[in-house]
*Asks:* 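The structure's right below; bear with me while I get my questions together.
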Amino acid sequence: MNRIGVIGTGSMGSILLEAWLTAKALSPTQLIVHNRTPAKAVRLAEKYPGLSVAQSNTEVAQTSSILLLCVKPSEYNVLLEQLAPALTTNHLMITITSPIKLKQLETQVPCPVARVVPSITNAAKSGVSLCEFGSRITQQHRQNIFSLFSTISQPIEVSETYLRVSSDITSCGPAFLSYILQQMIEDAEKETGLSHEAATYLVTHMLIGMGELLKQELFTLPTLQQRVCVPGGITGEGLVALQKGVPGLFAEVFHRTHAKFAEDQELVQQQWKNHVKQH
Ligand SMILES: NC(=O)C1=CN([C@@H]2O[C@H](COP(=O)(O)OP(=O)(O)OC[C@H]3O[C@@H](n4cnc5c(N)ncnc54)[C@H](OP(=O)(O)O)[C@@H]3O)[C@@H](O)[C@H]2O)C=CC1
Ligand SMILES: O=C(O)[C@@H]1CCC=N1
């Protein structure tokens, strides 16, 4: 595998890097990193001997063929400017952010570009990563991307149309579901006096067990409900409350994420236009 340059070792950049290293899918010498605040990158190099820290993004581009961009959308302008002197048609650029269209990115760089939207679940070498490929991507690039991300996730290809909602489910989903489960814990505490610790323990292990049932394909989501809902039993009573409050709730979630996404896309476009004017 070619050397991989990870740019931005914040939350997601470091999660991906550590997932590959702990999975032994990559060795530290196959990676070079750079972060705007150097201390974050240095800490990783101390933890994983052999991992190189570049002094600049130009150095990352000069010493690696795959560039994994793990910065936020608003940080792309500066980053692309820093990379420009060293970028060639032989690089493969992978962005992990959603609001920047691949077509837009292709106008700024000479190399093939792809998007892989990861998920925090990849930290456990689990969950999905969403892949979208730009027009310069070859079959070989696809294979390389799939093989790299399959060591820590289930990579699947998505079209731009469904990228947002797919990412809402796979990347934002862990936050949404943990919020709901947090409510279960708090209400159990409030309504019955069960300790926070005990409720957290029960909820956590219920979720792990449920994940196992799905993983082992012993049940699907609908058959799980059917089997737990004993006719005339207690679960059905509890579900009545959920049936009142939950339908439509995720429609609102998706409306909000899509609106924020459109806002971010617009902001990026404006930023890029202003940037071009200034130069
Ligand atoms: N968190 C998640 O679960 C997921 C996040 N994503 C996407 O990943 C992207 C990054 O998110 P996240 O990791 O949470 O954000 P963070 O802010 O934690 O990480 C971004 C990092 O990029 C660094 N950075 C910014 N500009 C540069 C530059 N020019 N050169 C080098 N490093 C730079 C920042 O440095 P500094 O230390 O100076 O701030 C920071 O460490 C976002 O677009 C997000 O949508 C995608 C899927 C899931
Ligand atoms: O909250 C965010 O913007 C990112 C996108 C996917 C997960 N986290």
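Both ligands and their constituent atoms are indexed starting at 1 by order of listing. What's counted below: heavy atoms across the whole structure, side chains too, no hydrogens, waters or symmetry copies.
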*Asks:* With distance as the sole criterion, is a donor-acceptor pair present between the side chains of Lys125 and Thr22 under 3.5 Å?
*Replies:*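 A donor-acceptor contact under 3.5 Å links the two side chains.
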*Asks:* Picking from Val117, Val158, Ile156, what satisfies side-chain contact (heavy atoms from CB on, under 4.5 Å) with Val128?
*Replies:*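 So the option named by the test is Ile156.
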*Asks:* To which of Pro118, Ala123, Ser56 does the heavy atom nearest atom 48 (C) of ligand 1 belong?
*Replies:*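 Comparing heavy atoms across Pro118, Ala123, Ser56, the nearest one to atom 48 (C) of ligand 1 lies in Pro118.
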*Asks:* Under 4.0 Å from a heavy atom of Val71: give me the atoms of ligand 1 that qualify, with their elements.
*Replies:*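 Close to Val71: 9 (C), 22 (O), 24 (N), 25 (C), 26 (N), 27 (C), 33 (C), 43 (O).
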*Asks:* Could you go step by step and tell me if Ile94 and Leu69 meet the side chain to side chain contact (heavy atoms under 4.5 Å, CB included) rule?
*Replies:* CA-CA 6 Å; Ile94 305 174; Leu69 311 188; over 6 Å; no
*Asks:* Taking atom 2 (C) of ligand 2 as the reference point, report whether a protein heavy atom occurs under 4.0 Å from it.
*Replies:*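 Given the 4.0 Å cut-off, atom 2 (C) of ligand 2 does not count as touching protein heavy atoms.
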*Asks:* Any carboxylate oxygen within less than 4.0 angstrom of a Lys/Arg side-chain nitrogen, looking at Glu18 and Lys47?
*Replies:*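 So Glu18 pairs with Lys47 through a salt bridge.
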*Asks:* Taking Lys101 first and then Glu106, would you say they form a salt bridge - that is, a charged N and a carboxylate O separated by under 4.0 Å?
*Replies:*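 No.
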*Asks:* Which atoms from ligand 1 have a heavy atom of Asn57 less than 4.0 Å away?
*Replies:*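 Answer, ordered by atom number: 28 (C), 29 (N), 30 (N), 31 (C).
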*Asks:* Which atoms of ligand 1 are found less than 4.0 Å from any heavy atom of Ile7?
*Replies:*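 Close to Ile7: 30 (N), 31 (C).
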*Asks:* Between His258 and His255 (side chain of the first, backbone of the second, donor and acceptor by atom type, cut-off under 3.5 Å), is there such a pair?
*Replies:*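 No.
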*Asks:* Return the closest protein heavy atom for atom 29 (N) of ligand 1 as residue, atom name and distance.
*Replies:*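 Here the closest protein heavy atom is Gln82 OE1, 3.0 Å.
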*Asks:* Are Tyr76 and Thr95 linked by a side-chain donor-acceptor pair shorter than 3.5 Å?
*Replies:*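 Result is yes, a qualifying pair exists.
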*Asks:* So, do Trp20 and Tyr48 have ring centers that fall under 6.0 Å from each other?
*Replies:*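 For Trp20 and Tyr48, the ring centres are not under 6.0 Å apart.
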*Asks:* Does Cys70 approach ligand 1 within less than 4.0 angstrom via side chain, backbone, both or neither, non-hydrogen atoms only?
*Replies:*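 For Cys70, the contact with ligand 1 is made by the backbone alone.
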*Asks:* Starting from atom 15 (O) of ligand 1, find the nearest protein heavy-atom neighbour and note its residue, name and distance.
*Replies:*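 Residue, atom and distance for the closest contact: Lys72 CG, 4.0 Å.
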*Asks:* If you take all heavy atoms of Asn57 and Gln82, which pair is closest and at what distance?
*Replies:*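 Closest approach of Asn57 to Gln82, heavy atoms only: ND2-OE1, 2.7 Å.
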*Asks:* Any ion pair linking Arg36 and Glu75 (charged N to carboxylate O, less than 4.0 Å)?
*Replies:*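 Result for this pair is yes, salt bridge flagged.
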*Asks:* For ligand 1, note which part of Met12 has a heavy atom under 4.0 Å away: side chain, backbone, both or neither.
*Replies:*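 The answer is both.
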*Asks:* What is the closest protein heavy atom to atom 18 (O) of ligand 1, and at what distance does it sit?
*Replies:*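 It is Ser11 N, 2.9 Å.
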*Asks:* Show the atoms of ligand 1 that are less than 4.0 angstrom away from any heavy atom in Pro73.
*Replies:*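 Near Pro73, meaning under 4.0 Å from one of its heavy atoms, ligand 1 has 43 (O).
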*Asks:* Hey, is Ser119 one of the residues with a heavy atom under 4.0 angstrom from ligand 1?
*Replies:*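 Per 4.0 Å heavy-atom rule, Ser119 does not contact ligand 1.
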*Asks:* Nearest protein heavy atom to atom 36 (P) of ligand 1, by residue and atom, and its distance?
*Replies:*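 Its nearest protein heavy-atom neighbour is Thr37 OG1, 3.4 Å.
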*Asks:* As a check for students: among Arg36, His34, Lys40, identify the option with a heavy atom nearest to atom 37 (O) of ligand 1.
*Replies:*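 Among Arg36, His34, Lys40, the closest heavy atom to atom 37 (O) of ligand 1 belongs to Lys40.
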*Asks:* Return the OG to CD1 distance between Ser150 and Ile145, rounded to the nearest 0.5 Å.
*Replies:*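 Those atoms lie 12.0 Å apart.
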*Asks:* Find all atoms of ligand 1 within a distance of less than 4.0 Å from any non-hydrogen atom belonging to Glu75, and give their numbers and elements.
*Replies:*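 Per the distance check, 25 (C), 26 (N).
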*Asks:* Taking atom 6 (C) of ligand 2 as the reference point, report whether a protein heavy atom occurs under 4.0 Å from it.
*Replies:*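 Yes, at least one protein heavy atom sits under 4.0 Å from atom 6 (C) of ligand 2.
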*Asks:* Side chains of Gln216 and Glu212: any donor to acceptor distance under 3.5 Å?
*Replies:*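 A donor-acceptor contact under 3.5 Å links the two side chains.
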*Asks:* Considering only non-hydrogen protein atoms, determine which one is nearest to atom 34 (C) of ligand 1 and report residue, atom name and distance to 0.1 Å.
*Replies:*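 In this structure, atom 34 (C) of ligand 1 has Asn35 OD1, 3.6 Å as its nearest protein heavy atom.
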*Asks:* Write out the residue and atom name of the closest protein heavy atom to atom 8 (N) of ligand 2, then the distance separating them to 0.1 Å.
*Replies:*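 Residue, atom and distance for the closest contact: Cys172 SG, 4.7 Å.
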*Asks:* How far is atom 46 (C) of ligand 1 from its nearest protein heavy atom, and which residue and atom is that?
*Replies:*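 Checking every protein heavy atom, the shortest distance to atom 46 (C) of ligand 1 gives Ile96 O, 3.6 Å.
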*Asks:* Without hydrogens or angle criteria, can the side chains of Asn144 and Gln140 be said to hold a donor-acceptor pair below 3.5 Å?
*Replies:*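 Yes, Gln140 and Asn144 have a side-chain donor paired with an acceptor closer than 3.5 Å.
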*Asks:* Heavy atoms only: which of Pro174, Ser171, Gly10 lies closest to atom 19 (O) of ligand 1?
*Replies:*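 Answer by nearest heavy atom: Gly10.
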*Asks:* Using a 4.0 Å cut-off to any heavy atom of Thr97, which atoms of ligand 1 qualify?
*Replies:*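 Selected atoms, number and element: 42 (C), 43 (O), 45 (O).
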